Chemist: 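Sharing a structure here in structure tokens format.
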Amino acid sequence: MSATETTENTADSKPRRRPRVTDENGRRMPVWEIVLRYGLLLAVLALMIGPFLWQLSTSLKGPHENIFSSPPKFLPSDPTFHNYERVADTIPVWDYAFNSLKVAAANVVTNCVGATLAGYALARLRYRGRKAATIVFILAMLVPVEGIIIAQFTTMRELGLNNTLIGVLLPGCVSALNVLLMRNAFLNVPYEIEEAAFVDGANVWQRFLRIALPAVKGTLAVVAIFAFMGAWDDFLWPLIVLSDPDRFTLTIGLNYLHGTFANDERLVAAGTVIAVLPLIVLFACLQRYFFRGVGEGAVKG
């Protein structure tokens, strides 16, 4: 056996060191801290995901399966989709879902366009009152919706938009939070790039569309998700504005399941899953941009 082979065998025979687990500062973490962190993460996961998984399990259980058994059974013994068919037979759930989809899609478009333009103006343009306008948007976030809902209802009535989907959309078409998110994202774009484009003859629209906007796609995805979730889950404002059942959104329509069929938990669970499923699909499609966008607007304020 040569000396090289002997050295290789000796190196292979040495016990390999286990990889070190370190924190954000490079400090080696003790075992108890690792266990504590993962335990807290699992507890939070159970609190956040557990109720939805239980509703999903309940919606798949048949009429002869006891959903209140002790100890509770998480997995249905005979899964069925009959409860979802019963929801569609009880209320026009797909018509309500289509109304919610129209409002949510329009809310995404108006928030993405309006918040992007307003955020760019607050971050890049130079004019008098820019700081005051930023403070106004911050103060708008501090006003509770319940405090201005009567004024909003009066405004919609004067405009003749009561009992219309436009009346549902209009108050939330541009959110102050989304404007500030876009402002912070644009502030993180290096200003030297726009200065170079300005020297080359680019006007403000060209700098906005070709330089600034492509750099904040992640934050734009965050705005789209927040806008869709806010419009899809909204219950109080559509309940006040809408009176015609043909224009009801999904959240209002599903309220009939809770009122008329409160004892049928399977039916209520199936309606809840139908309402949540579009949000899960949207987040699954945009999650890579969502997490990147959270960091884009988190540096400067």
Side-chain angles (χ1 to χ4, degrees), residues 100-143 145 165-234 237 278-301:
S100 292
L101 183 61
K102 289 189 289 187
V103 174
N107 200 47
V108 169
V109 173
T110 55
N111 269 277
C112 288
V113 174
T116 301
L117 294 175
Y120 184 81
L122 293 175
R124 294 302 195 190
L125 302 185
R126 299 292 182 264
Y127 54 91
R128 288 184 178 181
R130 187 181 64 164
K131 293 184 179 180
T134 304
I135 294 175
V136 169
F137 279 103
I138 296 175
L139 294 177
M141 296 175 54
L142 304 179
V143 179
V145 178
L165 295 180
I166 298 179
V168 177
L169 166 69
L170 198 58
C173 61
V174 179
S175 170
L177 174 62
N178 294 332
V179 172
L180 295 177
L181 284 175
M182 296 305 302
R183 170 187 174 271
N184 288 355
F186 284 123
L187 285 176
N188 290 330
V189 178
Y191 194 72
E192 292 77 10
I193 301 178
E194 290 196 41
E195 287 183 340
F198 178 76
V199 172
D200 292 338
N203 57 33
V204 62
W205 284 106
Q206 291 173 333
R207 299 197 303 271
F208 169 72
L209 294 174
R210 298 182 182 181
I211 297 176
L213 190 59
V216 296
K217 289 181 179 179
T219 307
L220 200 60
V222 175
V223 170
I225 292 176
F226 284 172
F228 189 92
M229 291 178 59
W232 185 270
D233 291 337
D234 193 13
W237 177 243
L279 300 179
I280 297 176
V281 174
L282 177 68
F283 184 79
C285 296
L286 299 179
Q287 61 174 336
R288 54 180 296 190
Y289 302 103
F290 177 83
F291 291 111
R292 187 179 71 181
V294 170
E296 285 179 356
V299 178
K300 295 182 180 179

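What you are looking at is a predicted structure, and each value in this text was computed from that prediction instead of being measured.
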Chemist: If a pair satisfies salt bridge (Lys or Arg N to Asp or Glu O under 4.0 Å) and one of its residues is in residues 102-125, list it, with sequence neighbours excluded.
Modeler: R124-E194

Chemist: Quick test of your reading: applying salt bridge (Lys or Arg N to Asp or Glu O under 4.0 Å), list the pairs with at least one residue in residues 171-182, sequence neighbours left out, ordered by first then second residue.
Modeler: none

Chemist: Can you check whether A231's main-chain N or O pairs, donor with acceptor, with W237's side chain at less than 3.5 Å?
Modeler: no

Chemist: The criterion is side-chain contact (heavy atoms from CB on, under 4.5 Å); which residues satisfy it with L101, sequence neighbours excluded?
Modeler: F228, W232

Chemist: Out of curiosity, T134 OG1 to L139 CG, how far, rounded to the nearest 0.5 Å?
Modeler: 11.0 Å

Chemist: With N107, which residues qualify under side chain to side chain donor-acceptor pair (under 3.5 Å), at least two apart?
Modeler: N111

Chemist: So, taking the atom named CD1 in I225 and the one named SG in C285, what distance separates them when rounded to the nearest 0.5 Å?
Modeler: 9.5 Å

Chemist: Ignoring hydrogens and angles, write down the donor-acceptor pairs under 3.5 Å from the side chains of residues 204-216, residues two or more places apart or on other chains.
Modeler:
| unit_1 | atom_1 | unit_2 | atom_2 | d |
| --- | --- | --- | --- | --- |
| Q206 | OE1 | N203 | N | 3.1 |
| R207 | NH1 | A202 | O | 3.0 |

Chemist: When rounded to the nearest 0.5 angstrom, what distance separates SG in C112 from CG in N178?
Modeler: 8.0 Å

Chemist: Tell me if the CD1 atom of I138 is crowded by more than 12 foreign heavy atoms within 6.0 Å.
Modeler: yes

Chemist: To the nearest 0.5 angstrom, please state how far the CG atom of L187 sits from the CE atom of M182.
Modeler: 11.0 Å

Chemist: Can you find a heavy atom in the side chain of D234 that is under 4.5 Å from one in the side chain of V103?
Modeler: no

Chemist: Got a sec, which residues hit side-chain contact (heavy atoms from CB on, under 4.5 Å) with R130, two or more places apart in sequence or on another chain?
Modeler: L122, R126, Y127

Chemist: Please list, chain by chain and in numerical order, all residues satisfying side-chain contact (heavy atoms from CB on, under 4.5 Å) with V174, sequence neighbours excluded.
Modeler: V179

